[in-house]
Amino acid sequence: MSEVVVARTVAESRSERSEIIFPSDANALGNLFGGRLMQYIDLVGAMAASRHARAITVTASMDHLDFVAPVRVGDLLILKASVNRAYRTSMEVGVKAMVEDVRHNRMRHVSSAYLTYVAVEKDGTRIVVPQVIPETEHQKRRYEDAGRRREMRAGETQRKKEIRAALGDEWHI
Ligand SMILES: CC(C)(COP(=O)(O)OP(=O)(O)OC[C@H]1O[C@@H](n2cnc3c(N)ncnc32)[C@H](O)[C@@H]1OP(=O)(O)O)[C@@H](O)C(=O)NCCC(=O)NCCS
């Protein structure tokens, strides 16, 4: 495992992505399909994580995800991601999704999520990631909150290990 010793600010990896929603992205009600929104959230989160780690990252988990308000066909969707905190090989990234009302120059929050990414080499070996330097009051609060979420997630990580141990690496029918 290659050791990376530097730390990076949140601003260095902050990422944003914008999408116009097309009919091909919609469910039967004409709203953005939830799975597509999850894909967008994962993509922008991976951008921030990979920029922070300067490495390939894989999604280890996505925490509870709320669809606060529907996104409609024709909406301009804005997704913003930043690394809240880094550990040894993993990082918690917060993603916020908003719809921009271009006519009135205002934003509406539609969804948010916390995701954990792990930095890896091409062969899957984990990479040690730089720590996060929180600068603003907001970033410091998110950094502290991320620590509490990691403690709550520990049980889930353990459960995943137990499932893997029970199933092994073999294929199952
Ligand atoms: C994510 C993955 C690399 C973790 O592998 P693992 O053997 O459980 O790894 P380890 O126990 O060595 O843990 C590595 C890090 O991941 C974190 N982690 C593992 N599972 C996690 C989970 N479910 N949620 C949050 N963090 C998790 C650990 O806390 C650890 O963090 P740290 O090094 O910063 O302390 C592995 O499960 C994997 O490759 N999963 C598939 C990833 C993927 O393909 N994603 C795309 C979805 S199709």
Side-chain angles (χ1 to χ4, degrees), residues 1-17 19 24-25 27 32-67 71 77 79-97 110-135 138-173:
M1 188 185 284
S2 55
E3 295 279 334
V4 182
V5 289
V6 293
R8 295 201 173 97
T9 63
V10 177
E12 281 179 85
S13 59
R14 190 178 289 122
S15 300
E16 187 169 327
R17 183 187 165 107
E19 298 286 337
S24 56
D25 300 316
N27 62 20
L32 176 64
F33 176 56
R36 180 75 80 201
L37 181 55
M38 289 168 78
Q39 180 189 12
Y40 292 147
I41 287 173
D42 190 21
L43 282 169
V44 74
M47 283 181 210
S50 293
R51 279 179 174 151
H52 181 81
R54 303 211 174 148
I56 300 167
T57 57
V58 294
T59 317
S61 64
M62 183 187 281
D63 286 11
H64 182 82
L65 172 66
D66 269 325
F67 296 108
V71 181
L77 181 68
L79 299 116
K80 293 186 179 183
S82 48
V83 179
N84 291 334
R85 190 159 175 166
Y87 297 94
R88 181 164 165 74
T89 65
S90 69
M91 296 148 279
E92 186 199 92
V93 176
V95 177
K96 191 168 183 185
V110 292
S111 189
S112 42
Y114 298 106
L115 303 95
T116 301
Y117 296 88
V118 176
V120 292
E121 305 275 11
K122 276 192 175 159
D123 65 1
T125 313
R126 321 274 191 275
I127 299 174
V128 176
V129 296
Q131 293 304 293
V132 167
I133 306 165
E135 293 177 304
H138 258 82
Q139 290 168 5
K140 287 176 186 162
R141 183 177 51 75
R142 288 192 197 122
Y143 183 94
E144 294 304 324
D145 290 349
R148 283 187 278 277
R149 279 189 293 273
R150 179 166 159 101
E151 280 171 27
M152 290 194 291
R153 228 176 265 130
E156 188 57 28
T157 307
Q158 182 57 29
R159 195 183 63 86
K160 197 168 133 185
K161 280 193 196 307
E162 286 165 9
I163 292 171
R164 196 187 305 153
L167 293 177
D169 286 335
E170 301 301 318
W171 292 89
H172 294 270
I173 297 174

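Worth knowing before you read on, the calculation uses all heavy atoms, side chains too, and leaves out hydrogens, waters and symmetry mates. Since the model is a prediction, treat every value here as computed from it, not as a measurement. Just so you know, ligand 1 is whichever comes first in the structure, and atom 1 is the first atom listed for that ligand.
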Out of [options], whose heavy atom sits nearest [atom]?
atom	options	result
atom 43 (C) of ligand 1	T89, T59, T125	T59
atom 4 (C) of ligand 1	R126, E156, M91	R126
atom 34 (O) of ligand 1	S90, A46, G124	S90

What's the shortest distance from [atom] to any protein heavy atom, and which residue and atom give it?
atom	value
atom 38 (C) of ligand 1	V58 CG2, 4.8 Å
atom 36 (C) of ligand 1	R164 NH2, 4.1 Å
atom 35 (O) of ligand 1	R150 NH2, 2.9 Å
atom 19 (C) of ligand 1	T157 CG2, 3.7 Å
atom 16 (O) of ligand 1	V118 CG2, 3.3 Å
atom 1 (C) of ligand 1	A60 CB, 3.6 Å

(Q) Regarding R159 and E156, does a basic nitrogen lie under 4.0 Å from an acidic carboxylate oxygen? (A) yes
Q: Output yes when D145 and R142 qualify as a salt bridge under the 4.0 Å nitrogen-oxygen rule, no when they do not.
A: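 Salt bridge absent between D145 and R142.
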Q) Taking S15 for the side chain and S13 for the main chain, is one N or O donor matched with an acceptor at less than 3.5 Å? A)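 The answer is yes, because a donor-acceptor pair under 3.5 Å joins these two groups.
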Q. So does Y87 have more than 12 non-hydrogen atoms from other groups sitting under 6.0 Å from OH?
A.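 Correct, the count exceeds 12.
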Q.
Check this for me: Y40, atom OH, are more than 12 non-hydrogen atoms of other residues, nucleotides or ligands nearer than 6.0 Å?
A.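 Yes.
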Q) At a 4.0 Å threshold, what atoms of ligand 1 neighbour a non-hydrogen atom of S61? A)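 Heavy-atom distances to S61 below 4.0 Å select 22 (C), 23 (N), 24 (N), 25 (C).
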**Q.** Atoms of ligand 1 close to K160 [distance to a heavy atom under 4.0 angstrom, numbered from 1]
**A.**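 Close to K160: 20 (N), 23 (N), 37 (O).
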Measuring to protein heavy atoms, does anything land under 4.0 Å from [atom]?
atom	result
atom 28 (C) of ligand 1	no
atom 48 (S) of ligand 1	no
atom 13 (O) of ligand 1	no
atom 41 (C) of ligand 1	no

If I apply the N/O under 3.5 Å rule, does [X] come out as touching ligand 1?
X	value
K161	yes
Y87	no
T116	no

(Q) Within the structure provided, determine whether L37 and L65 are in side-chain contact (heavy-atom separation under 4.5 Å). (A)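 No - every pair of side-chain heavy atoms lies 4.5 Å or more apart.
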Q: Report yes if some heavy atom in the side chain of V44 is under 4.5 Å from a heavy atom in the side chain of K80; otherwise report no.
A: no
**Q.** Test log, rule side chain to side chain contact (heavy atoms under 4.5 Å, CB included), inputs R149 and N84
**A.** CA-CA 11 Å; R149 279 189 293 273; N84 291 334; 3.8 Å; yes
(Q) Going by side-chain contact (heavy atoms from CB on, under 4.5 Å), Y117 matches just one of V83, D42, T89. Which one? (A)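 It is D42; the other options fail the test.
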Q. What's the verdict on side chain to side chain contact (heavy atoms under 4.5 Å, CB included) for H64 and D66, showing C-alpha distance, side-chain angles and the deciding distance?
A. CA-CA 7 Å; H64 182 82; D66 269 325; 3.3 Å; yes
Q: Carefully, step by step, assess S61 and R153 under the rule side chain to side chain contact (heavy atoms under 4.5 Å, CB included).
A: CA-CA 10 Å; S61 64; R153 228 176 265 130; 4.2 Å; yes
